[in-house]
Number of protein chains: 2
Amino acid sequence: MDRYIEAVVAIEGSESLAAIQSIVRSSVVPLGYDRFVMFSASPAREDLVDSIYWVEGDWFGKGVTVDAETYVRHCPVTRNFLNVDEPFFWTKVMSARGEKYRVVRTPRGPGFHGLQVPVFGRTGLEGAMSFAGTRIDASARTRAVLTMIGAAAFRAARRLIEAHEPNGASSLSPREREVLRWIAAGRRQADIAASLGLSERTVENHLRRARLRLGVATTAQAIRLAIRSGEIED
Amino acid sequence: MDRYIEAVVAIEGSESLAAIQSIVRSSVVPLGYDRFVMFSASPAREDLVDSIYWVEGDWFGKGVTVDAETYVRHCPVTRNFLNVDEPFFWTKVMSARGEKYRVVRTPRGPGFHGLQVPVFGRTGLEGAMSFAGTRIDASARTRAVLTMIGAAAFRAARRLIEAHEPNGASSLSPREREVLRWIAAGRRQADIAASLGLSERTVENHLRRARLRLGVATTAQAIRLAIRSGEIED
DNA sequence: TTCGGGTTGAGGGAAACTCCTCAACGCGCT
DNA sequence: AGCGCGTTGAGGAGTTTCCCTCAACCCGAA
């Protein structure tokens, strides 16, 4: 079976971030990519980047430490994820007024180029993996490979990292969330009661408790807050 | 380069649905999958499935035509996409009270099994590709292959189909949008009327027209749709 | 000028939702 | 056993929204 598929399987089975990184490296360094950034993201944040899982390689010049803030400030093409839902290549252009990053169809020749691979989930953008290098292979094949490996690596890394961090406790109970989901889907309280096998009163009570917990006055506002915080699917 | 990667590249370059289907078939039939469903979906719809792009093979018994409604009614595991954001295997279980579909970690032995591969985008769930067969390879490798091919095939198919169907983007009027924004912020119609200097009736009328345009039954659902389509800010 | 669309507003009635309090049951935890 | 929490459900009263129809005004396009 294909070696890149094997890499994905190995990534999925990895038990440490270092293991994931090692597999990614050995897979994509031969393709010319030797700088990596992996981060979780949320379109609700205006700076997009939530927290960085992995930074490696010389991104902005020797000796520059890259943290979340630096990365976002220097790499504005990341915001392109708000407009597209596929991986895209970028290239660093040197102009009279300094360096500039630009989204391109195909980066050519030597220079600093990269591929941003977004990872989407139920709530939209969840994170990304970014590959870069000075002499990269930018073929359609390589893009497909990086798309697959980047997505697998991000999911595997997040699985490991979120296992260690106390996950953001959702403020709604399962029932409250379920009722709210149906309301957001356009059902009436009575319909929901029927399809869940509850009394209309119970549905109403769940809704009220949900409003209380979310600290809002109306159900419409609760829908919006719940979507924003990922309690229910957008 | 790997043959499955080549398949993905070929899918991305396809200019017809038939071409995509042909590539998918030749890639996954050797793995035991000979039944396919590809559909666009939206968590906003309570039946989840929007429209079906591709149905092939014997899903529910010989001679049963599968349309969107039949598929959803017979295949409740599809709703599992609301809870997970990774592909999952399912299997058909024969019990005393008829057949039942169940989500499983690994389907074993002969029988009717399948893999559901969700495709996510900026707005969350966008569609899925479903592979099934009676003697399937359910290894981690195959799951990785189907994940990649399913996602590529769905995106390519949607690109082709949406190019033909000019989507009627029905937008809201400025006033409708403004009222909806306030509603989403938790205001009551009467409050909005006061702060916009309108009568309560007018606010109510704007809301009704907004619901009509968005094609939804309740204001709560309108909030969600408007957020999804970017009519109001999240 | 006529036509369509957006905005404004009304009446009347029906349906749905919100708010308050109270209470029972199960489940896990100390 | 006692406690907290989630789930379920009720009565009663009040508020809010929804539905349907009708109509006036303004404005830009045909």
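Proteins get letters first, then strands, A, B, ... in listed order; numbering begins at 1 in each.
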From CG of B/L207 over to P of D/dC18, roughly how many Å is that when rounded to an integer?
6 Å

Of B/M38, B/M129, B/R155, the residue whose pairing with B/V119 passes side-chain contact (heavy atoms from CB on, under 4.5 Å)
B/R155

Interatomic distance where CG belongs to B/D191 and P belongs to D/dT15 [whole Å]:
14 Å

Can you tell me if the side-chain N/O atoms of B/Q189 get under 4.0 Å from OP1 or OP2 in D/dT15?
no

Under 4.0 Å between any heavy atoms, over every strand shown, what does A/R188 touch: base, sugar-phosphate, or nothing? Just pick one.
sugar-phosphate

Taking the side chain of B/S173 as heavy atoms from C-beta outward, which of C/dG6, D/dG11, C/dG9 is closest to it?
C/dG6

The helix from C/dT1-D/dA30 to C/dT30-D/dA1: angle between its terminal axes, five pairs each, to 10°?
50°

Using the side-chain hydrogen bond (donor to acceptor under 3.5 Å, both in side chains) criterion, which residues pair with B/W54? Sequence neighbours excluded.
B/E56

For A/V203 and A/W182, run side chain to side chain contact (heavy atoms under 4.5 Å, CB included): C-alpha distance rounded to whole Å, both residues' side-chain angles, the deciding distance at 0.1 Å, then the answer.
CA-CA 11 Å; A/V203 172; A/W182 286 112; over 6 Å; no

Please give, in whole Å, the distance from C/dG6 C1' to B/E178 CD?
14 Å

Reading 5' to 3' through nucleotides 21-30 of chain D, protein heavy-atom contacts under 4.0 Å coded B for base, S for sugar-phosphate only, - for none:
B---------

Can you tell which of A/R213, A/H206, A/R211 makes a side-chain hydrogen bond (donor to acceptor under 3.5 Å, both in side chains) with A/E176?
A/R213

B/H206 has an atom NE2; how far is it from atom P of D/dC19, in whole Å?
17 Å

Heavy atoms within less than 4.0 Å of DNA chain D: which residues of residues 209-221 of chain A have one? Give them sorted by number.
A/R209, A/R213

Candidate nucleotides D/dT7, D/dG9, C/dT8, ranked by approach to the side chain of A/P174 - the nearest
D/dT7

Just the rounded figure in Å: distance from C1' of C/dT21 to CZ of A/R201.
11 Å

Rounded off to whole Å, could you give me the CD1-to-P distance for the B/I192 and D/dT16 pair?
12 Å

Looking at B/E126 and B/F120, would you say the former's side chain and the latter's main chain have a donor-acceptor pair under 3.5 Å?
no

In this structure, how many angstroms lie between the P atom of C/dG6 and the CD atom of B/E176, rounded?
7 Å

B/E204 has an atom CD; how far is it from atom C1' of D/dT15, in whole Å?
14 Å

Looking at D/dC18, D/dG9, C/dT18, which one has an atom nearest to any side-chain atom of A/L198?
D/dG9

Distance test, side-chain N/O of A/R175 to OP1/OP2 of D/dT8, below 4.0 Å
yes

With distance as the sole test, does A/R177 use its side chain to make a donor-acceptor pair with the main-chain N or O of A/A226 at under 3.5 Å?
no

Which residues satisfy the side-chain contact (heavy atoms from CB on, under 4.5 Å) test with A/E204, sequence neighbours excluded?
A/Q189, A/R201, A/R208

Please pick, from C/dT8, D/dT16, C/dC20, the nucleotide with the shortest atom-to-atom distance to any side-chain atom of B/T202.
C/dT8

For A/A19, side-chain contact (heavy atoms from CB on, under 4.5 Å) partners two or more places apart
A/S14, A/S16

